[in-house]
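Worksheet for the structure shown next.
Values reported hereafter were calculated over all heavy atoms of this structure, with side chains retained and with hydrogens, waters and symmetry mates removed. Owing to the predicted nature of the structure, the values given are computational and were not obtained by experimental measurement.
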Amino acid sequence: MNKVLGFAPDADPTTPGLLLDCENLLPSELGMRPGPAVAPVGVAALTEDVRGALAAIDLSGNRLAICGTTQRLYSLAGSAWADVSGDGAPFALGQDERWSLAQFANSTVASCRSMGMRMATGGPFAPIAGAPKAKILASLKGFVMAFNTQDATYGDSPDRWWCSASLNAQDWVPNVATLCTTGRLVESGGEITAAHRLGDDIIVYKRRSTFVGRFTGPAEVWNFTQVDSDVGCVGMDAVCDTGKAHYFIGDDDLYVFDGVQVQPIGRGMLRDWFVEVRDPKQMHKSQAFWDKQNQLAWFFFPSVKGGGELDYGLVYHPGTNKWGRANHAIRALVRYASPAATYDGGSELVTTYDSGPAIDFDSPFWVEAQELMAGFDTRNRLVTFAGAPDASSLTTGDVGDDDQMTLCDRLVLRFKKAPAAAAATGFTKDDGGQEARQASAAIRDDAAFDLRQRGRWHSFRVDCQGDYALIGFAPRLKPAGFR
């Protein structure tokens with residue numbers, strides 16, 4: 001039995017257990033499992049395109065959900081969105097412009113280059129006088145930090161960083177006493193594309209470089225050190241934080257940064273495949289998300305056939321170094337905390353079984369305050385990745401021999417939990433460099449697929465329905481002569 005090794009299209013196709021392709025299949029500690037369907041949570045859809053979202057908890061423990069669109073800022077109130085844009089709405093964001101959102105104590109700070117920086121504390125957003133217009137925000141160590149800015153003093157500064165006064169997100173006047181200050185990252189070219197905290201440090205990315213910022217106190221306040229001069233992040237939302245490391249999307253691979261060293265995680269497995277299918281002109285839209293519950297790093301990016309939408313998804317399990325695929329068209333990602341809810345009532349989202357969200361009764365969604373991976377789809381609906389397992393498939397690597405012909409009469413998949421239904425299609429080829437051709441097909445019966453095909457190399461596509469846990473697979477081959 002070959003233990004399943006996950007999605008690895010760049011690897012030697014004869015490696016036992018690897019998958020040359022898969023659809024809606026996620027890696028896990030044991031093996032592979034189908035990914036969930038995205039399901040609307042019952043919140044009203046927004047009428048404008050979503051360009052950023054934040055789920056946060058204030059100092060009193062209240063949960064907040066804020067999203068920004070092309071024209072307004074909204075706060076989730078029950079099952080509806082309340083307009084908290086404040087003065088200046090409707091806004092007019094640029095074609096690909098996004099809101100950056102950060103929680104600072106009991107206040108939410110929002111910023112984009114065209115609309116400037118705004119703050120809300122339990123009410124509508126209001127402009128922060130004197131604050132730079134920032135593309136990227138981060139909150140740590142009692143500061144709000146702004147990156148890739150424009151302001152009255154220094155003008156347009158794509159490589160500039162700012163930090164607010166200590167414990168005061170409304171004070172942006174440089175002062176040694178308040179620790180408000182600014183600086184530039186000029187050791188490498190290009191604009192700042194992303195910034196995210198890692199512990200007590202702030203990690204700042206350009207397209208092809210990485211910096212670590214560390215708080216040093218007066219008078220320097222923040223010291224930045226360039227730790228990589230070749231690898232950076234493609235976009236402001238293309239990095240996720242596990243608490244111990246960053247996983248992010250680069251120009252030519254996917255990477256992990258542990259605070260000391262940047263390392264590729266796709267090389268030898270799917271890096272070449274990734275470079276071939278991605279749309280390099282649209283990669284700044286890419287998004288990454290850390291699914292803490294399942295210990296998975298998700299990477300969404302636009303493909304060359306996607307028309308600019310984030311239509312491809314890769315999923316990485318750091319504990320096993322395995323990859324999977326799950327394509328979903330999304331526009332923003334957020335960690336959603338579900339309210340107390342049952343099908344008997346007790347929630348603004350649920351009144352009857354028929355009108356409730358299309359989510360299984362045993363899903364974690366129904367656990368009060370359970371934090372789940374969620375996002376906004378292309379219809380601008382808030383959806384959670386907690387629906388019933390969707391249809392999935394896997395395509396194995398090549399099994400056989402360069403010289404000897406073999407007959408395959410059986411394919412066995414080892415499951416911890418079997419799927420509701422499964423069908424296998426067998427393929428053969430007589431030369432490892434040829435395209436495989438379909439040779440046989442069978443449904444799963446008596447815990448196996450009974451096939452009949454002859455060739456030097458065999459591979460199999462298995463389509464499954466329902467939930468399951470795949471551990472490994474084993475074709476049964478018999479010698480069938482030489483030629």
Side-chain angles (χ1 to χ4, degrees), residues 38-58 60-128 131 133-137 139 144 169 236-237 285 287 289 309-310 329-339 341 347-350 357 365 369 371-385:
V38 296
V41 301
V43 173
L46 289 158
T47 56
E48 305 117 26
D49 288 350
V50 175
R51 295 284 185 85
L54 170 73
I57 303 175
D58 67 16
S60 300
N62 300 312
R63 293 183 180 273
L64 310 170
I66 307 291
C67 79
T69 70
T70 52
Q71 299 182 27
R72 301 181 187 276
L73 291 160
Y74 294 92
S75 175
L76 183 61
S79 59
W81 293 100
D83 186 348
V84 290
S85 305
D87 295 339
F91 307 128
L93 269 67
Q95 182 176 358
D96 292 331
E97 193 174 19
R98 297 182 64 83
W99 288 100
S100 182
L101 298 155
Q103 188 67 18
F104 182 79
N106 290 321
S107 301
T108 304
V109 185
S111 183
C112 64
R113 274 296 208 102
S114 61
M115 296 296 110
M117 196 181 303
R118 299 161 182 266
M119 190 168 75
T121 307
F125 281 83
I128 301 177
K133 297 179 179 180
K135 182 176 181 178
I136 302 158
L137 295 178
S139 175
V144 172
M236 58 186 287
D237 295 318
K285 299 179 181 179
Q287 298 190 36
F289 186 88
E309 295 286 355
L310 306 185
I330 56 95
R331 286 186 172 158
L333 293 167
V334 69
R335 186 168 283 107
Y336 175 75
S338 55
S347 167
E348 294 176 318
L349 301 183
V350 178
F365 173 84
E371 291 190 348
L372 302 171
M373 180 177 173
F376 290 85
D377 64 11
T378 53
R379 295 165 61 183
N380 300 305
R381 302 176 302 170
L382 180 61
V383 296
T384 180
F385 288 67

Who are the side chain to side chain contact (heavy atoms under 4.5 Å, CB included) partners of [X], not counting sequence neighbours?
X	result
R113	E97, K135, N148, Q150, D156, P158
A65	L76
N380	L46, D49, V50, R331
A102	L137, S139

Can you tell if the side chain of T108 reaches within under 4.5 Å of the side chain of Q103, non-hydrogen atoms only? yes
V38 vs D377 side-chain heavy atoms within contact, under 4.5 Å: no
Contacts of K285 meeting salt bridge (charged side-chain N to carboxylate O under 4.0 Å, His left out) (sequence neighbours excluded), chain-then-number -> D96
Those residues at least two apart in sequence (or on a different chain) that pass salt bridge (charged side-chain N to carboxylate O under 4.0 Å, His left out) with R118 are none
Considering residues at least two apart in sequence or located in another chain, which fulfil the side-chain hydrogen bond (donor to acceptor under 3.5 Å, both in side chains) criterion with [X]?
X	answer
S111	none
N62	D58
S107	T121

Quiz item: What class does the angle between the rings of F376 and W81 fall in, given that below 30° is parallel, 30 to 60° is tilted and above 60° is perpendicular?
Solution: tilted
Here the salt bridge (Lys or Arg N to Asp or Glu O under 4.0 Å) pairs for residues 65-80, sequence neighbours left out, are R72-D83
Hits for ring-ring contact (aromatic ring centres under 6.0 Å, His included) against F91, two or more places apart or cross-chain, chain-then-number order -> W99
Sequence neighbours excluded, the answer for ring-ring contact (aromatic ring centres under 6.0 Å, His included) partners of F385 is W298, H328
_Please determine whether side chain to side chain contact (heavy atoms under 4.5 Å, CB included) holds for the pair T69 and R51, giving the CA-CA distance in whole Å, both sets of side-chain angles, and the decisive distance to 0.1 Å._
CA-CA 5 Å; T69 70; R51 295 284 185 85; 5.8 Å; no
